[in-house]
Amino acid sequence: MRLATWNVNSLRSRIDRVEAFLTRHDVDVLAVQETKAREDQLPLMGLESLGYEVAAAGYSQWNGVAVISRVGIEDVGVGFDDMPAWGDPPVAEARAIGATCGGVRVWSLYVPNGRKPDDPHYAYKLDWLAALRAAARGWLDAPTALVGDWNVCPTDDDVFDVQQFRTSTHVTVPEREAFAAFADDGWAEVTREHAPGYTYWDYYRQRFERNRGLKIDFAYASPSLAAGVTGAFVDRDERAGTGASDHAPVVVDVDL
DNA sequence: ATGGTAGGCGACCTA
């Protein structure tokens, strides 16, 4: 099974690239973030003609997550136990969707950005990660993937210039501890070994052309799923050219 | 400290 995760920065404006990506890499299950779309707004026809089903939780203006699968979708769940809210539904629920696809529970996660370390959104981010961790402890016994945009750079190597981020979110100790806590519970981050390198480059200042990026998109796998992982890569070419998302897709291969 | 770009929406917000 080939899994992928991708922050597309609007599914509707990027649908041609999404369909081309799925076809180009023969992807079975794609977790998408920042869909910026309600379920009724999604361009399902093109995906359906390619053999994919879509489960989505979304909002028109920002956030939004989806799972796109050609191996079937069952047991869709939006959000998780004690997931902290930021705003009212559907905004609050537009950050996590879990769908079982071909026997694997795939969670598409859009971790809150945090904005600034002194912003209330930063505390919300830490609360959100703590609640996810608590809920996810109950998912470790099944083949489960926690994939998406984690909005955390776990090490200094995951930032093009740490000095430039010294007053920013993504690199603070509490955020890094919150990310590492999943590994303490038994989750295995499976992209770093096979797919090192950045996954996000800001649109500003030709950051992609100068390779000034961040590694913030990750895939934590439960032990039974991690045991089957055979490889992973970042589709860096997808970030190039006009009309690209600011994130590149990350692909993970699993031998089930 | 600021501003640079992109998307969606509705005349400004988020990343």
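Keep in mind that this is a model prediction, so the values were computed, not measured. The figures that follow rest on heavy atoms only: side chains count, while hydrogens, waters and symmetry mates do not. Letters A, B, ... are given to chains in the order of the sequence lines, protein chains preceding strands, and every chain is numbered from 1.
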message: Show the nearest heavy-atom pair for residues A/Tyr52 and A/Asp28, with the distance to one decimal.
response: CE2-O, 3.8 Å
query: B/dA1 and B/dC12: how far apart are their C1' atoms, nearest whole angstrom?
result: 22 Å
- request: For A/Gln41, answer base if it contacts any base atom (sugar-phosphate contacts may also be present), sugar-phosphate if it contacts only those atoms, and nothing otherwise; contact means non-hydrogen atoms under 4.0 Å.
  value: sugar-phosphate
query: Are any of A/Ser60's side-chain N or O atoms less than 4.0 Å away from OP1 or OP2 of B/dG8?
result: no
message: Please report the distance separating the P of B/dG10 from the corresponding atom of B/dA6, rounded so that it comes out in whole Å.
response: 22 Å
task: Heavy atoms under 4.0 Å is the rule here; annotate nucleotides 10-15 of chain B 5' to 3' with B where the base is hit, S where only the sugar-phosphate is, and - elsewhere.
output: ----SB
- request: Sticking with atom P, work out how far B/dG8 lies from B/dT2, rounded to a whole angstrom.
  value: 29 Å
Ion pair check, A/Arg70 and A/Asp26, cut-off under 4.0 Å: yes
task: Write out all pairs satisfying salt bridge (charged side-chain N to carboxylate O under 4.0 Å, His left out) with one or both partners inside residues 121-131 of chain A, taking only residues at least two apart or from two chains.
output: A/Lys125-A/Glu175
Interatomic distance, A/Leu11 CG vs B/dA6 P [rounded to whole Å]: 19 Å
task: Could you verify whether a donor N or O on one side chain and an acceptor N or O on the other, from A/Ser245 and A/Glu238, lie under 3.5 Å apart?
output: no
- request: Provide the distance between the two P atoms, one in B/dT5 and one in B/dC9, to the nearest whole Å.
  value: 22 Å
field: Pair A/Tyr200 + A/Phe160: ring centers closer than 6.0 Å
entry: no
- prompt: Are A/Trp86 and A/Trp128 close enough that their ring centres sit under 6.0 Å apart?
  reply: no
- prompt: Taking OP1 and OP2 of B/dG7, is either one under 4.0 Å from a side-chain nitrogen or oxygen of A/Arg14?
  reply: yes
